[in-house]
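Bear in mind the structure is a predicted one, so any value in this text is a computation, not a measurement. Per chain, numbering begins at 1; letters A, B, ... match sequence-line order.
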2 protein chains.
Amino acid sequence: MDFGIEKILKISELSEQTGLSAHTLRYYEKHGLINASNRSEAGYRFYNDSDLRRVQFVKTARNTGFSLADIGQLLSIRVDKRSHSCQDVTDITQKKLLEVSAKLTELQSMQQTLELLLESCCGGPENATHCSIMEALDAGLLRDDNKEARIIK
Amino acid sequence: MDFGIEKILKISELSEQTGLSAHTLRYYEKHGLINASNRSEAGYRFYNDSDLRRVQFVKTARNTGFSLADIGQLLSIRVDKRSHSCQDVTDITQKKLLEVSAKLTELQSMQQTLELLLESCCGGPENATHCSIMEALDAGLLRDDNKEARIIK
DNA sequence: TATAACCTTAGAGCCAACTCTAAGGTCAAT
DNA sequence: ATTGACCTTAGAGTTGGCTCTAAGGTTATA
Ligand SMILES: [Zn+2]
Ligand SMILES: [Zn+2]
Ligand SMILES: [Zn+2]
Ligand SMILES: [Zn+2]
């Protein structure tokens with residue numbers, strides 16, 4: 001067990017520890033994600049170790065791609081793990097993975113199109129009257145939302 | 001040469017032709033991307049073939065991932081190709097490719113992290129007291145914005 | 001005691017690209 | 001003449017996640 005003396009942090013110190021701005025910390029609090037378990041008489045927020053760990057959890061989840069709404073759900077599991085199952089956790093994670101994968105597919109298609117466009121154009125200083133990129137955009141033969149990426153050579 | 005009779009479209013017809021809503025077409029017009037070259041006496045927008053082609057250009061560019069600001073630039077090249085170079089076009093395209101690639105890298109990192117998380121969790125109905133996903137998020141050892149994705153087994 | 005550096009709150013602003021509403025005018029068909 | 005489907009405009013609302021401002025109160029240091 002760690003019986004080290006608990007460090008109490010003010011918001012700017014928590015900000016420093018976590019890399020999240022004080023504004024963002026207050027914003028997260030307003031949205032029910034985090035809290036300062038104590039306040040000074042003057043109303044200053046005081047964060048203890050447990051508060052800090054919760055904020056770090058939020059930050060890690062955020063970096064992993066979860067939305068604040070997702071994180072709200074993950075946090076409610078976190079505070080009462082006994083009432084939730086691994087499946088509850090994987091449901092959230094799986095949903096996020098599907099979102100990310102979908103976006104990835106879309107971006108990969110865009111990337112491919114942009115690469116093809118760049119390959120087709122000389123990129124030189126002569127005027128753009130016969131620029132193949134402009135022609136391709138004019139022809140409308142590039143990827144459509146539903147269809148596969150395709151470009152006519 | 002195509003001497004077919006020019007089809008004049010009202011906004012709902014242009015909407016049908018392009019798949020863009022009338023709202024969106026007006027929005028694009030307000031932002032200087034497109035225009036109706038004629039209006040009826042009552043003020044109804046009338047689009048000719050040239051207008052239609054321009055709208056289709058915008059739509060194609062949009063599908064390719066260009067922002068409306070990018071498209072504004074592409075359009076000003078399009079109306080005066082002689083005053084612009086292929087390099088002007090590739091500059092815009094290259095910039096967009098870099099943006100897309102950056103986002104792609106980020107999403108791939110998220111995808112990998114999420115996949116690792118899912119692999120590590122049983123996803124079963126027992127309670128989450130020892131859920132490895134929760135532990136990983138708590139440990140804060142997942143991908144950080146700058147660092148490579150990593151997760152402790 | 002004064003100055004600076006903190007802290008508080010409610011609420012506004014920002015970003016992109018729509019999306020929709022309100023209040024009204026137009027047009028074709030019945 | 002009256003539906004009802006269209007059209008017009010200015011402007012507000014949506015999304016998510018901040019980011020910042022204003023106006024004021026507190027605390028540490030010189
Ligand atoms: Zn060229
Ligand atoms: Zn070119
Ligand atoms: Zn499990
Ligand atoms: Zn689990």
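Residue A/S67 is classed as a sugar-phosphate contact, given heavy-atom separations below 4.0 Å to backbone atoms only. As judged by a 4.0 angstrom heavy-atom cut-off over every strand, A/F46 is placed among residues making no nucleic acid contact. When heavy atoms are screened at a 4.0 angstrom cut-off, B/R45 is found touching the sugar-phosphate backbone but no base atom.
Contact check, A/S40 against C/dC7: no side-chain N or O comes under 4.0 Å of OP1 or OP2. Distances shown here put every side-chain N or O of B/Y27 at or beyond 4.0 Å from the OP1 or OP2 atom of C/dC20.
Around atom CD of A/E16, no more than 12 heavy atoms belonging to other residues, nucleotides or ligands sit under 6.0 Å away. Heavy atoms from other residues, nucleotides or ligands lying under 6.0 Å from NZ of A/K103 number 12 at most. In this structure, B/R39 places its CZ atom where more than 12 heavy-atom neighbours from other residues, nucleotides or ligands lie under 6.0 Å away. Around atom CD of A/E115, more than 12 heavy atoms belonging to other residues, nucleotides or ligands sit under 6.0 Å away.
Between A/I8 and A/E13, the closest heavy-atom pair is O-OE1, 3.9 Å.
Salt bridge B/R45/B/D51: absent, no basic N to carboxylate O contact under 4.0 Å.
At whole-Å resolution of the value, CG in B/L33 and P in C/dA16 are 13 Å apart. Between the NZ atom of A/K10 and the P atom of C/dA5 there is a distance of 14 Å, rounded to whole Å. To the nearest angstrom, C1' of C/dC6 lies 15 Å from CG of A/L14. Rounding to whole angstrom units, CZ of residue B/R26 and P of C/dC20 are separated by 13 Å. Following rounding to the nearest Å, B/L20 (CG) and C/dC18 (C1') show an atom-to-atom distance of 11 Å.
Interface limits on DNA chain D: the 5'-most and 3'-most nucleotides within less than 4.0 Å of chain A heavy atoms are D/dG17 to D/dT27.
Side chains of A/N63 and A/T60: a donor-acceptor N/O pair is absent below 3.5 angstrom, by distance only.
Heavy-atom nearest nucleotides on DNA chain C were determined for B/L68 and for B/Y44, and the one closer to the 5' end corresponds to B/L68. Residue A/H31 is the one, among A/H31 and A/E41, whose nearest nucleotide of DNA chain D lies closer to the 5' end (criterion: closest heavy atom).
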